[in-house]
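Protein chains get the first letters and strands the later ones, always in sequence-line order, with residue 1 at the start of each. The basis for the numbers below is simple: all heavy atoms, side chains too, and nothing from hydrogens, waters or symmetry mates.
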Amino acid sequence: MSTYKETFRRLDRAALIPFFVIGDPDESRSFELVKAAIDAGADVLEMGIPFSDPIADGPTIQKADLRALAAGMTPSKALAFIHRVTDYRPIPIGLLVYYNLVWQYGVERFFKDFKAVGGSSVLVADLSIDDADEVIAPARAAGLETVFMVTPNTGSDRMRRIAERTTGFIYTVSTLGVTGARNRLSDTVKPLVARLKEVTGVPVCVGFGISSPEQAAEVATAGADGVIIGSRIVQIVEDHLNEPDRAVEEVARFIRQVREAL
Amino acid sequence: MRHNGRFGTFGGFYVPEVLIGALEEIEQAFDRWRDDSQFCQELEALSRHYAGRPTPLYYARRFSDQVGCRVYLKREDLLHGGAHKVNNTLGQGLLAKYMGKTRLIAETGAGQHGLATAMIGALFGMETKIFMGTTDVARQNVNVHKMRLCGAEVIPVEGGTGTLKDAINDALRYWTAHVEDTFYLFGTAGGPHPYPMIVRHFQTPIGHEARQQCIDQVGRLPDVVAACVGGGSNAIGIFSAFLDDAEVRLVGVEGGGRGLESGQHCATLVAGSVGILHGAQTYVLQDAHGQIRETESISAGLDYPGVGPEHAHLKETGRAEYVCADDESVLDAFALLIRTEGIIPALESSHALAWLMQQKGQLPPDAVVVVNLSGRGDKDVGIVESHRPLQ
Ligand SMILES: Cc1ncc(COP(=O)(O)O)c(C=O)c1O
């Protein structure tokens, strides 16, 4: 049985899914942050391998990518990092990655190695379902779930096609735009989740822009199976670059607050 | 999408889901209007009376004497705005207008594409935003000023090296958040489908004219056609008309920067490897892990770690050859064309001239070489002065 299925079935609330850039601000501090998030109640982890040109990301995550790269993070080291995390706790891990990194590593080998370190799913940020065949077969062959995105401007037919190819969860983008914390969630979330629920039974997780416990609760009320929080957490890391212990405490505190709100 | 956007195995549209709808909309509009008689008439009239087409093919006699073959310059430098870029911005701008879009955005390196977009924004009365790396804002400040005079907003981009790649990243991010009313007027024959196809289409008049002009003036086809390659739009514009003329050698010249050995260059096809950048599978300058490398060139317009996918295909099939010229040789070529012909070439275009100077003695004296003089060098005078001050 798939780890996502187990997780979503077991929970009687929306899953809490924090996002981290692997190796931000460096490998050891990144590991402390991830451990703290797990201890504070994360149900699933979404992790990004840093890329030099992350076009789907806003400035917060872009800067985190550059910090991690400057500290020497590479795709191979990122896989080893994930291994340490799954050794610490067998938590489902979804990977968010830009295609060129997977391509250079070798698509089949990358998926096999990611599965071997305990990974659950891969979402390629710059690969739509039109080219999904390039990754679906090798991902399935490796035993991984496939995750694709749906955005507020995705039409219903296309939504159905995306749902058909998705096995883990649908990564639902809350608003038009790149990642980044926002004060207000767009009014599109609720109808979007409702539309998705009509066409598919695959779990629906919502991300992009969720930055407070209240917003997380709002998304959960809208019917989402999971809430992905990225830029807000990465921002906490950035705000405490000179006080690593504070960063860990603040991330843990924020995650506990969200957990309570759910 | 109706087409897969492939040139052999290269190309495609590797973009986040949120952009698919916008690309599809542009593809459909292009299919709908490209051969529409009203659209074509309007574009033709603007190309002629606004931009200045057709451009001359000029036999550069005194320059030819110096390089030892017969050099004909396709004078895109004489177009309105000072470069071939206006061919594309008129075409895409008109498309945006027919689509009912109200805002244009564009990336720019040298500022030539930004300026050509700002001009069209003014011409059609559309709000225009130009994304430009901070390094380029500093080194091409005359163009920045001109864009602002046209009423465009120039948005300096901090990330990376503050060059073209970073400007594209931020333009794509902006577009992601404003796809509904915004047309992304992409500046080169690269990026995700349908841009390589569209930009090529609007740049093909360069080649069609040059081919006919050469036949009219010389009585035969040229032996060599040479063009500089940044993203590849001026080169594909002139190459496209000669692709079926197997006897015509096609040469694309990339930025050699401080020399290939130094690692500081932007010779993507010469020294790069296959990867995925800005929506296309193509040649890319990258490290072993697939992180995109920083590039270096004296010419902002070539300073880019990717290249249009059709050029990757032409390299792979051997139909075109790709070489590079380093900054010093480019400065030599820049100076030589001015002194022999009184024509100030853009530093980008000077790369094609520099390659030709290296061929001295290797091409027969009666060889006919058509060089695409993609732009004029007014914008570069300050840069050249800082490298080689006049005595
Ligand atoms: C005069 C000129 N030539 C060439 C280029 C390079 O672009 P492309 O390779 O798309 O022709 C530029 C880009 O700014 C330019 O300004």
Side-chain angles (χ1 to χ4, degrees), chain A residues 49-59 62-63 65-66 69 72-78 97-106 110 123-132 134 148-155 158-159 162 170-173 175-180 182 186 208-209, chain B residues 1-6 9 11-25 157-161 165-166 168-182 191-193 273-282 284-294 305-306:
Chain A
I49 300 185
F51 182 50
S52 55
D53 294 82
I55 56 168
D57 287 296
Q62 208 185 331
K63 277 187 271 176
D65 278 11
L66 294 182
L69 287 174
M73 187 44 63
T74 67
S76 312
K77 287 185 191 167
V97 66
Y98 286 85
Y99 198 30
N100 198 43
L101 300 180
V102 178
W103 171 276
Q104 299 309 331
Y105 194 99
F110 182 87
L123 167 56
V124 182
D126 50 352
L127 193 75
S128 67
I129 47 154
D130 306 272
D131 286 310
E134 295 187 25
F148 292 99
M149 283 193 182
V150 160
T151 62
N153 59 351
T154 308
R158 195 173 166 87
M159 235 180 215
I162 293 173
I170 292 180
Y171 193 124
T172 311
V173 175
T175 170
L176 288 182
V178 293
T179 57
R182 289 173 178 84
S186 77
F208 281 37
Chain B
M1 299 272 191
R2 295 184 191 174
H3 314 279
N4 65 8
R6 297 278 172 174
T9 55
F13 42 97
Y14 296 90
V15 295
E17 173 65 23
V18 62
L19 288 180
I20 294 287
L23 293 173
E24 234 160 22
E25 193 188 352
V157 176
E158 294 277 352
T161 40
K165 157 178 97 91
D166 312 297
I168 295 178
N169 288 343
D170 264 25
L172 282 170
R173 290 182 183 116
Y174 180 89
W175 199 31
T176 303
H178 300 87
V179 286
E180 271 149 8
D181 58 355
T182 300
H193 172 73
S273 54
V274 178
I276 288 134
L277 176 66
H278 293 145
Q281 182 182 321
T282 183
V284 176
L285 288 169
Q286 57 189 332
D287 71 12
H289 304 294
Q291 306 293 355
I292 307 306
R293 278 188 19 206
E294 297 185 347

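Qualifying ring-ring contact (aromatic ring centres under 6.0 Å, His included) partners for F13(B), counting only residues two or more places apart in sequence or in other chains: none. The side chain to side chain contact (heavy atoms under 4.5 Å, CB included) check on D287(B) picks up H289(B), Q291(B), with sequence neighbours excluded.
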For this session: Assess whether side chain to side chain contact (heavy atoms under 4.5 Å, CB included) is satisfied between I162(A) and E17(B), documenting all intermediate values.
Result: CA-CA 10 Å; I162(A) 293 173; E17(B) 173 65 23; 3.6 Å; yes

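R158(A) is listed as a side-chain neighbour of I20(B), based on a closest heavy-atom distance under 4.5 Å. For the pair D53(A) and K165(B), the minimum side-chain heavy-atom distance is below 4.5 Å. Side-chain contact between N100(A) and Q286(B) is present, with heavy atoms from C-beta onward closer than 4.5 Å.
In this structure, S52(A) OG and D166(B) CG are separated by 9.5 Å, a value rounded to the nearest 0.5 Å. Rounded to the nearest 0.5 angstrom, W103(A) CH2 and I276(B) CD1 are separated by 5.0 Å. Going from atom CD1 of I55(A) over to atom OH of Y14(B) covers 13.0 Å, rounded to the nearest 0.5 Å.
The existence of a salt bridge linking D130(A) and R6(B) is excluded, since no basic side-chain nitrogen approaches an acidic carboxylate oxygen closer than 4.0 Å.
Counting heavy-atom pairs under 4.5 Å between each of V284(B), V274(B), T176(B) and chain A puts T176(B) at the top. Of all the listed residues (H278(B), E180(B), M1(B), Q281(B)), the one sharing the greatest number of non-hydrogen pairs under 4.5 Å with chain A is Q281(B).
The parts of V18(B) that come within reach of chain A are both its backbone and its side chain, each placing non-hydrogen atoms under 4.5 angstrom from that chain. Neither the backbone nor the side chain of P59(A) comes within less than 4.5 Å of any heavy atom in chain B. Contact annotation for Y105(A): neither backbone nor side-chain heavy atoms come within less than 4.5 Å of a heavy atom of chain B. Within the 4.5 angstrom heavy-atom criterion, only backbone atoms of A288(B) (N, CA, C, O) approach chain A.
The backbone N or O of A56(A) lies less than 3.5 Å from no partner atom in the side chain of R173(B), so there is not a single donor-acceptor pair.
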